[in-house]
Number of protein chains: 2
Amino acid sequence: MVTKRQKLEEKETRILAAARDVFVEFGFEKGRMAEIAKRAGVAEGTVYLYYQTKKDLVRAVLEQYWARLTREALEALPEGSNTFDQLQAFARFHLSAFHRDIDYINMNVAARTAHQDFEVPMERVRDYVRVFDQLFERGKDRGEIRTTVPTWVARDMFFGTLEHTARSTLSDDNKDPEAATANLIALFQAGYTDEAPEKTAELAPLVQRLEAAVARLDDLTSS
Amino acid sequence: MVTKRQKLEEKETRILAAARDVFVEFGFEKGRMAEIAKRAGVAEGTVYLYYQTKKDLVRAVLEQYWARLTREALEALPEGSNTFDQLQAFARFHLSAFHRDIDYINMNVAARTAHQDFEVPMERVRDYVRVFDQLFERGKDRGEIRTTVPTWVARDMFFGTLEHTARSTLSDDNKDPEAATANLIALFQAGYTDEAPEKTAELAPLVQRLEAAVARLDDLTSS
DNA sequence: CGACTGGTATGAGGGAAGCTCAGAAATACT
DNA sequence: AGTATTTCTGAGCTTCCCTCATACCAGTCG
């Protein structure tokens with residue numbers, strides 16, 4: 001027995017799936033409401049009973065997308081390794097996701113720029129961004145990352161670099177995306193590592209040798 | 001005496017200026033061809049004699065914009081200072097230009113995403129990007145930047161970070177853009193500096209003390 | 001079983017915007 | 001002055017998002 005509510009939800013799902021396919025295939029601007037209705041097997045007017053505008057429809061598609069991406073990201077992170085390894089894994093994931101889902105990304109951008117009032121499903125995007133924030137701040141807690149670095153600065157650098165790199169490597173086969181992620185993490189390590197202990201550790205053997213030599217010298221000269 | 005050619009060019013200029021104003025005020029999508037024609041003082045059909053489509057028109061506007069930006073950037077660079085200072089000056093310039101010209105930037109993005117076949121005036125953009133490339137490669141020539149870093153990797157990081165930062169600082173007054181540029185350049189310095197001389201310099205006093213001590217030791221043991 | 005009622009679906013049509021094109025106007029040429 | 005050519009015009013065509021009067025459907029009651 002299929003309840004009335006189930007039937008409605010099933011139709012809503014079908015419309016959303018059709019919208020997703022059409023927007024991915026044609027993009028937001030060129031994706032036609034008529035085509036979405038046709039693929040969902042309903043009349044054009046019916047679509048508007050479920051989603052008030054084309055904008056709302058693309059928002060729903062994107063909401064689904066970001067939620068999925070967050071799930072995938074969490075799965076892609078190696079457990080228990082150090083912060084920079086995890087950041088690198090996340091960077092690799094993000095870059096390849098952008099390559100794979102460039103249609104969604106463009107849809108996102110198109111919807112945002114087409115309507116200055118358009119709000120990307122911010123909640124879902126924030127969930128995704130939080131994956132980075134949490135990694136980074138745990139790095140601070142663990143003493144692996146200098147606490148003086150504002151997280152937002154690193155975050156903007158992380159996502160900005162990767163988004164730009166994704167587009168640039170997509171249009172030029174000679175560029176190796178791996179070089180970009182490796183570079184990003186190397187710079188993070190060079191610039192964000194809490195260096196004090198490391199430097200001390202690096203110099204310690206030298207200092208020890210020096211002091212041992214001086215001690216021997218003192219011994220000899222005093223005797 | 002005004003030649004026919006001059007009259008035509010004057011009209012073309014007027015249309016372009018009107019288009020620029022309208023696109024800046026309303027954005028690419030919401031900017032109406034009718035409004036552009038009205039402001040240029042010509043009929044709507046006339047616009048299409050000079051620019052075949054709305055897309056061509058925005059392309060011409062953007063071409064002008066990028067050319068102007070390149071000129072301004074070159075003027076903003078301090079002469080003769082070291083590479084990282086120049087990069088920082090360029091980063092500051094770029095960030096504030098993005099703030100000031102966010103309408104142009106959005107126009108650019110809107111035009112690109114609205115028509116998947118749209119080509120931003122690549123030549124002019126390349127000219128602008130070359131400002132960075134030249135700074136960076138001169139840094140390599142001078143031995144200030146490690147030559148193993150591919151320029152494109154640093155370039156994507158530079159522009160990606162700044163574009164993302166520009167948007168994020170625009171929508172959140174608590175964020176200080178200066179922190180972002182300073183951070184970017186600090187990371188570049190930490191990660192890209194040709195470190196060999198610096199490390200040697202850092203260790204020099206220690207090594208000297210060590211060698212002096214060894215010398216004294218040798219003196220004593222041989223005598 | 002038939003009438004009624006509230007929710008759901010339909011698709012022709014409204015409105016808006018980019019673009020076209022037949023004819024008008026301006027300019028150049030003889 | 002008359003003709004040919006170039007330039008300009010704006011009503012109207014097309015496309016697309018969205019609306020709304022109408023039709024359909026599934027329960028419910030007499």
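Each chain gets a letter, A, B and so on, in the order its sequence line appears, and its residues count up from 1. All figures in this text were calculated on a predicted structure; none of them were measured in a lab.
- Looking at the side chain of B:A43, the nearest of the listed nucleotides C:dG18, C:dA9, D:dT9 is D:dT9.
- A close approach under 4.0 Å does occur between a side-chain nitrogen or oxygen of B:Y50 and OP1 or OP2 of D:dC8.
- Considering only side-chain atoms of A:K54, the nucleotide from D:dG10, D:dC17, C:dT10 that sits closest is D:dC17.
- Taking 4.0 angstrom as the limit, A:R32 places none of its side-chain polar atoms (N or O) nearer than this to OP1 or OP2 of D:dT15.
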Check against ring pair (Phe, Tyr, Trp, His ring centres under 6.0 Å), A:F158 and A:F90: CA-CA 10 Å; A:F158 186 85; A:F90 186 39; 5.6 Å; yes
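- Taking atom CD of A:Q52 as the reference point, atom C1' of D:dC20 lies 15 Å away to the nearest angstrom.
- Judged by the 6.0 Å distance and 45° axis criteria, B:K140 is not positioned over the aromatic ring of B:Y192.
- Comparing D:dC8, C:dT10, D:dC17 against the side chain of A:V42 picks out C:dT10 as the nearest.
- If you measure from atom OH of A:Y48 to atom P of C:dG7, you get 24 Å, rounded to the nearest angstrom.
- With rounding to whole Å, A:R14 atom CZ is found 12 Å from C:dA9 atom C1'.
- Between A:F26 atom CZ and D:dC16 atom C1' the separation is 14 Å, expressed in whole Å.
- The NE2 atom of B:H99 lies 8.5 Å from the OG1 atom of B:T165; values are rounded to the nearest 0.5 Å.
- With rounding to whole Å, B:E10 atom CD is found 15 Å from D:dT7 atom P.
- When heavy atoms are screened at a 4.0 angstrom cut-off, A:G41 is found touching no nucleic acid atom at all.
- Rounded to whole Å, the distance from CE on B:M33 to P on D:dG12 is 21 Å.
- Out of D:dC17, D:dT9, C:dT8, the shortest distance to the side chain of B:T46 is found at D:dT9.
- Between B:K55 and the phosphate of C:dG18, there is no side-chain N or O to OP1/OP2 separation shorter than 4.0 Å.
- Looking at the side chain of B:K11, the nearest of the listed nucleotides D:dC8, D:dC16, C:dG18 is D:dC8.
- Put simply, CG on B:L49 is 17 Å from P on C:dA25, counting in whole angstrom units.
- To the nearest angstrom, P of D:dC17 lies 12 Å from CD of B:E29.
- Exactly one residue among B:E72, B:R68, B:R71, B:H94 makes a side chain to side chain donor-acceptor pair (under 3.5 Å) with B:Y128. That residue is B:H94.
- In this structure a side-chain-to-backbone donor-acceptor pair under 3.5 Å is missing from B:H164 to A:M157.
- Counting distance only, with no hydrogens placed and no angle test, the side-chain atoms of A:E44 and the base atoms of D:dC17 include no donor-acceptor pair under 3.5 Å.
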